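Shown next, in C-alpha cells, is the structure this report addresses.
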Amino acid sequence: MRNYTQFYIDGAFVDPITPKTAEVINPATEAVSGTISLGSEADVDKAVAAARRAFASWSVSTVAERTDLLGAILAEYERRERELGEAVTEEMGAPLSLGCGFHTLLGKGHIGTALEVLKTYKFEEERGVTMIRKEPIGVCGLITPWNWPMNQTCVKIAPALATGCTMILKPPQLAPYSAQILAEILHTAGVPAGVFNMVQGAGSVIGAALSRHKDVDMISFTGSEPVGVQIQKDAADTVKRVGLELGGKSAWIVLDDTSMAANVAGATGGMMGNSGQTCSAGSRLLVPAARMEEAIAAAAEAANGVTVGDPTGNFAMGPVVSKSQYNIIQDYITKGIDEGATLIAGGPGRPEGIDKGWFVRPTVFVGTNDMVIAREEIFGPVLVMIGYDDLDHAVEIANDSDFGLGGYVSGEDLGVARDVSKRMRTGAIWVNGGFDFNAPFGGYKRSGNGREWGVEGFAEYLETKAIVGWNAAG
Ligand code: NDP
C-alpha cells in the first residue's frame with residue numbers, strides 16, 4: 001500500500017492545510033492500492049506564493065545553473081526509473097514492460113532534450129537597433145492527465161525549469177504515485193525551494209484554483225476538451241496564457257502501394273498500445289476500399305493476437321484506467337454496433353476468462369466517417385476502419401474531423417506519402433513510423449493550441465521582450 005499524503009511546497013514535503021484523503025484504485029484488481037491527500041484552495045495559495053517568491057531568483061539564474069540542475073535531475077530520474085515504471089503500472093495499468101519501458105523513457109527523453117536545447121538556446125538576439133529577449137513567463141500551473149503520466153509531467157516541468165519559470169504541478173487523481181516519486185527526484189536533485197511545487201487533489205478544486213489565480217501567469221494543460229474549455233474560461237479574467245494539448249481522432253492512411261497486411265497489422269497493434277489511451281492514437285484506419293477484405297483479415301488477426309491480462313504478467317495490454325473509463329468505452333462499443341458498424345474483432349464486455357479489473361477487448365469495427373465511433377475520442381482499444389476510393393478521398397476523410405492532433409501515412413512511394421502528409425490538417429504526422437523527441441507536438445483545431453517537445457516546447461514558457469534602442473541607430 002502506498003501512502004502519499006503530503007504535498008511538495010517551498011522545498012519540503014508538507015501536510016495539507018486541511019486534512020482530506022482519497023483512496024487510489026488499482027485498475028487491474030479493483031483493490032485499493034493506496035491513499036493520497038486532496039488539497040484545497042489554501043494549499044494552492046501557499047504553493048503559488050512559494051513559486052512567486054522563488055521566481056525572483058530562478059528567473060535570473062544562469063544557463064549553466066539550469067543545465068547543471070537538469071543534469072542532476074536526469075541522473076536521479078535514471079536511478080529511480082524502475083520505481084517510476086512500477087508506479088505507472090500500479091496507478092494506470094500499463095503492462096510493466098511498457099511502464100518501465102516507453103512510459104519512463106518518454107519522461108527521461110524530455111528532460112534530456114530540454115537539457116540539450118537549453119545549451120544552445122538563444123535567449124537574446126540583436127535585430128537592428130533592437131534587442132529581442134526571451135524571458136520566463138513567470139509562475140506556471142501544470143495540469144496533467146493519467147494516460148502517459150511521466151511523459152506529460154516531464155514534457156512540462158523540464159522546459160519550464162530550463163526557461164527559468166517556477167511552477168505548481170497538479171497531477172491526476174487517478175495516477176498520483178509517479179508524480180509523487182518525481183517530486184522526490186526533483187527534491188533530491190536540488191531544485192531550489194519554491195521553484196517546483198506539487199499539490200494533489202481534484203481538478204475542479206486545485207486545477208480551477210490555479211487557472212483563476214491572479215499570481216499564476218500561465219497554465220499548461222493536457223487532457224480532455226471540455227476541461228480545456230473550462231480552464232480557458234477560468235483563466236480569462238486574469239488574461240493568462242493557456243497552453244492546451246487536448247484530444248484527437250487521428251487518421252492512419254495506408255496507401256495502396258504498400259503491404260496491406262503488414263501495415264494494417266502494425267497500425268492495429270499500435271493503436272491498442274497503452275490500451276488505446278493515447279491522445280495521438282491512430283484510431284481511424286483508412287484503407288483502400290478495394291482492398292478492404294485483405295485489411296479486415298489483417299486487422300482482425302492483429303487485434304485477436306493482442307494478449308490482455310495482469311499488467312505485472314507477460315501481456316501486451318493491461319486494463320483501462322478506471323471503472324468510469326471502462327463504462328465509457330463499453331458505451332461506445334454498443335453505440336458502434338447500434339449505428340451499424342461491422343464488428344470484426346473484440347466487442348462488449350471483458351476478454352474471455354477475466355472477471356475482475358477494467359479490461360477491455362481489443363475491438364475493431366469497419367464503419368463510415370459519419371459514425372459517432374469515428375467522430376468522438378473513445379480513449380480505449382477501439383479502432384474504426386474506413387474505406388477510401390482514392391487519395392483525395394483519403395485526405396478528405398482524414399481532415400473531416402473536429403480534431404487535428406496526429407496522423408499517420410504508410411506507403412512505399414515517399415513522394416506520395418509526403419504529399420499526403422502535407423495535405424493532412426494536424427499538428428504532427430508520422431510517415432512510415434519514426435520517433436523524434438525534437439519534433440514539436442500539439443494540435444490543430446479542437447486538439448489544442450500549443451506546441452510541446454523540443455525547442456518549440458520552450459516557447460510556451462517564454463515571453464518576448466523588445467528593447468528598442470539597444471544599439472545605436474544606423
Ligand atoms: P480530464 O481532462 O478530466 O483531466 C485532466 C486533468 O485535468 C486532471 O488532472 C484533472 O483532475 C484536471 N481537471 C479536471 N477538471 C478540471 C478543472 N475544472 N480545471 C482544471 N483542471 C481540471 O481528463 P480525464 O482524466 O477525466 O479523461 C477524460 C477524457 O479526456 C478521456 O476519456 C480522454 O478522451 C480525454 N483525455 C485526453 C488526453 C490527451 O492526452 N489528449 C489525456 C487524458 C484524457 P482530476 O485529477 O480531478 O481528474
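Just follow the structure's listing: the first ligand is 1, and inside any ligand the first atom is 1. Positions are given from 1, in the same order as the sequence printed here. Remember, predicted model here, so these are calculated numbers, not experimental data.
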For atom CG of Asp237, is the number of surrounding heavy atoms from other residues, nucleotides or ligands below 6.0 Å larger than 12? no

Residue pair Gln152 / Glu452, side-chain donor-acceptor N/O under 3.5 Å: no

Where does Glu225 meet ligand 1, judged by heavy-atom distances below 4.0 Å: at the side chain, the backbone, both, or neither? neither

The atoms of ligand 1 lying under 4.0 Å from a heavy atom of Cys279, numbered in the order shown, are 39 (C), 40 (O), 41 (N)

Please confirm whether Tyr121 and Phe458 have ring centers closer than 6.0 angstrom. yes

If you take the nearest heavy atom of each of Gly247, Gly448, Ser224, which one is closest to atom 1 (P) of ligand 1? Ser224

Starting from atom 19 (N) of ligand 1, which protein heavy atom do you reach first, and at what distance in Å? Gly203 O, 3.4 Å

Please state whether Gln325 comes within less than 4.0 angstrom of ligand 1, counting heavy atoms only. yes

Is at least one protein non-hydrogen atom found at under 4.0 angstrom from atom 4 (O) of ligand 1? no

Could you go through the side-chain hydrogen bond (donor to acceptor under 3.5 Å, both in side chains) check for Thr312 and Asp310 one step at a time? CA-CA 5 Å; Thr312 62; Asp310 178 359; 2.8 Å; yes

Looking only at protein heavy atoms, identify the closest one to atom 43 (C) of ligand 1 and say how far it is in Å. Pro145 CB, 3.4 Å

Summary of side chain to side chain donor-acceptor pair (under 3.5 Å) pairs that have at least one residue in residues 106-118, sequence neighbours excluded: Glu81-Lys108, His110-Asn151, Glu116-Lys119

For ligand 1, which atoms have a heavy atom of Gly207 less than 4.0 angstrom away? 19 (N), 20 (C), 21 (N)

Flag, side chain of Arg446 to backbone of Gly247, donor-acceptor distance under 3.5 Å: no

Evaluate the side-chain proximity of Asn438 to Val117: yes if any heavy-atom separation is below 4.5 Å, no if none is. yes

The protein heavy atom nearest to atom 48 (O) of ligand 1 is Gln173 NE2, 4.5 Å

Any N or O on Lys170 sitting closer than 3.5 Å to an N or O of ligand 1? yes

All heavy atoms of Arg375 vs all of Phe403, minimum pair found to be O-CE1, 3.7 Å

What is the ring orientation for Trp358 with Tyr326, classed by angle as parallel under 30°, tilted 30 to 60°, or perpendicular over 60°? tilted

Taking the six-membered ring of Phe359 as reference, does the cationic atom of Arg350 (NZ for Lys, CZ for Arg) lie under 6.0 Å from its centre and within 45° of its axis? no

Do you see a protein non-hydrogen atom under 4.0 Å from atom 21 (N) of ligand 1? yes

Relative to the heavy atoms of Thr222, which atoms of ligand 1 are at a distance of less than 4.0 Å? 5 (C), 40 (O)

For atom 34 (O) of ligand 1, find the nearest protein heavy atom and state the residue, atom name and distance (0.1 Å precision). Glu377 OE1, 2.8 Å

For Gln152, is the nearest heavy atom under 4.0 Å from an atom of ligand 1? yes

Between Asp234 and ligand 1, is there a nitrogen or oxygen pair with a distance under 3.5 Å? no

Against heavy atoms of Asn147, which atoms of ligand 1 measure under 4.0 Å? 40 (O), 42 (C), 43 (C)

Going by the atom numbers of ligand 1, which of them fall below 4.0 Å from some non-hydrogen atom of Trp146? 24 (P), 25 (O), 27 (O)

Return the minimal non-hydrogen interatomic distance between Ile137 and Cys165, and the atom names on each side. N-SG, 3.6 Å

With a 4.0 Å heavy-atom cut-off (strictly under), which part of Phe221 contacts ligand 1: side chain, backbone, both or neither? side chain

Contact partition for Leu405 relative to ligand 1, non-hydrogen atoms under 4.0 Å: neither

Atoms of ligand 1 under 4.0 Å from any heavy atom of Ala202, numbered from 1 in the order shown, are 47 (O)

Tell me which protein heavy atom sits closest to atom 44 (C) of ligand 1, plus the residue, atom name and distance to 0.1 Å. Phe379 CE2, 3.7 Å

Exercise: do Asp43 and Ser40 side chains pair donor with acceptor under 3.5 Å: yes

Taking the six-membered ring for Trp and the full ring for Phe, Tyr or His, determine whether the centres of Trp430 and Phe435 are under 6.0 Å apart. no

Between Trp146 and Phe379, is the ring centroid distance below 6.0 Å? yes

Per-atom filter on ligand 1: closer than 4.0 angstrom to a heavy atom of Leu246 are 39 (C), 41 (N)

Using a heavy-atom cut-off of under 4.0 Å, does the side chain or the backbone of Thr144 touch ligand 1, or both, or neither? backbone

